[in-house]
Number of protein chains: 2
Amino acid sequence: MPPVIDHDLGWTLGMVFRAYVKTSDEVFTNVPGGARGYLVLTAAVNEDPIPIGALAQRLGIDKTVMTYVVDGLEEAGFVERRPCPGRDRRTKQVAGTTLGSQVWDATQARLRRGEDHVLAALDPAERETLRALLQRLAVDAQTHHPVHDACQLVEDLA
Amino acid sequence: MPPVIDHDLGWTLGMVFRAYVKTSDEVFTNVPGGARGYLVLTAAVNEDPIPIGALAQRLGIDKTVMTYVVDGLEEAGFVERRPCPGRDRRTKQVAGTTLGSQVWDATQARLRRGEDHVLAALDPAERETLRALLQRLAVDAQTHHPVHDACQLVEDLA
DNA sequence: TATTGTTATACTCTATAACTATA
DNA sequence: TATAGTTATAGAGTATAACAATA
């Protein structure tokens, strides 16, 4: 019998994702919150600051999780919470510090090697193709806010 | 500032993986063990039977998890544990039942629609490309047994 | 009353290790 | 003594809901 499993999207995605997570455990030892902390740090250092809640939604992180991820990064001195410029004093934004920027740069380099490890089976062109396709799916999933209305999906499947 | 996050492999993989998991929650309501149960069922129904432990390793599932996944499938009557043909009476293999086969067929169809949902942003050719690339990475990760020796990776990253 | 961010609780996973029966 | 499968325990992770401050 042929290896049916190899064609299963769930299996392939899961295997690749877990391989990435394993690698990231090694890469992100210096970043509180691991891969998720790195994600927040990336946004804080490189992107325009937005309210914490909005960032959580954008990254696909639960807002309660976001709180202690930011806690960890702030304790390490990589980011800091600031009041938002607007006049709504409830909102805070997360901004990267100089130290955070340096750490991010260094981690970037390590990450690239970690990713090479995961993508070792593909040549450079294929890696780019994969990245581009995944990016489109991810952005699509985020904008459509995945299957947030499960009802519609259930109908689709019926 | 540009959206740096969108280019992060960890973020894209995570988003797509979670979108898949969400969808699979809807698709696999009739399969004990969810996506993982379906994986085991797929192997049991379609592939040559191998010892439980070997199957666990092949699917990337922990052997203790495998036990209760198989428990669930067996209670539902979708698979059954059998002694292995060889003479080692410790090993058992998981074989799909007729009912299991029928359930698998039906679930297959639902799954395809669920996957279409996740891959909606890509055209048919792109979907095939993505599947093929992921498959190669997954098979590679499984054979190389991911980063099972983290030591070597740590060296690589140093 | 609704919303932002935080805290607290409970629950679900998963990883570890111990156990049994064979070898 | 080592291995296949199972069981039991504990720890990490996550989701839910309640909370304080502001709107």
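First the proteins, then the strands, lettered A, B, ... as listed; each starts at 1.
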Exercise. Going 5' to 3' along DNA chain D, which nucleotides are the first and last within contact of chain B (any atom under 4.0 Å from a heavy atom)?
Worked result: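 Listing 5' to 3', DNA chain D meets chain B from D:dA2 to D:dT7.
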Between [atom2] on [N] and [atom1] on [X], what's the gap in Å once rounded to a whole number?
X	N	atom1	atom2	result
A:Arg90	C:dT1	CZ	P	16 Å
A:Ile52	C:dT3	CD1	C1'	15 Å
A:Gln93	C:dT4	CD	C1'	14 Å

Polar-atom pairs under 3.5 Å, protein N or O versus N or O of nucleotides 17-20 of chain C: list them with distances, or write none.
none

Indicate the atoms forming the closest heavy-atom contact of [X] with [Y], along with that distance.
X	Y	answer
B:Met15	A:Ala138	CB-CB, 3.8 Å
A:Ala19	A:Val118	O-CG2, 4.0 Å
A:Pro32	A:Phe78	CD-CE1, 3.8 Å
B:Val16	A:Leu134	CG2-O, 3.9 Å

Problem set entry | Upstream residue (5' side of DNA chain D) when B:Thr91 and A:Asp62 are each assigned their closest nucleotide |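 Mapping each residue to its closest nucleotide by heavy atoms, the 5'-most match is B:Thr91.
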Which value, rounded to the nearest 0.5 Å, describes the distance between [X] atom [atom1] and [Y] atom [atom2]?
X	Y	atom1	atom2	value
B:Trp104	B:Asn30	CH2	CG	13.5 Å
A:Thr91	A:Ile52	OG1	CD1	9.5 Å
A:Arg36	A:Met66	CZ	CE	9.5 Å
B:Leu13	B:Leu9	CG	CG	4.5 Å

Problem set entry | First encountered from the 5' end of DNA chain C, between A:Cys84 and B:Arg89 |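 So the residue in question is A:Cys84.
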For this session: Determine: side-chain N/O of A:Arg81 to OP1/OP2 of C:dT6, distance under 4.0 Å, yes or no.
Result: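 For C:dT6, OP1/OP2 do have a side-chain N/O of A:Arg81 under 4.0 Å.
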Exercise. Looking only at atom types and distance, does a side-chain atom of B:Arg58 sit under 3.5 Å from a main-chain N or O of B:Ala54, one as donor and one as acceptor?
Worked result: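 Such a contact is absent between B:Arg58 side chain and B:Ala54 backbone.
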Exercise. With distance as the sole test, does A:Gln135 use its side chain to make a donor-acceptor pair with the main-chain N or O of B:Thr12 at under 3.5 Å?
Worked result: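 No; zero donor-acceptor contacts below 3.5 Å.
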Exercise. Does the salt bridge (Lys or Arg N to Asp or Glu O under 4.0 Å) test come out yes or no for B:Arg136 and A:Glu126, once each step is laid out?
Worked result: CA-CA 11 Å; B:Arg136 278 171 52 199; A:Glu126 290 168 332; 2.8 Å; yes
Problem set entry | Members of residues 66-80 of chain A that approach DNA chain D, where some heavy atom sits under 4.0 Å away |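 When residues 66-80 of chain A is checked for heavy atoms under 4.0 Å from DNA chain D, the hits, listed by number, are A:Tyr68.
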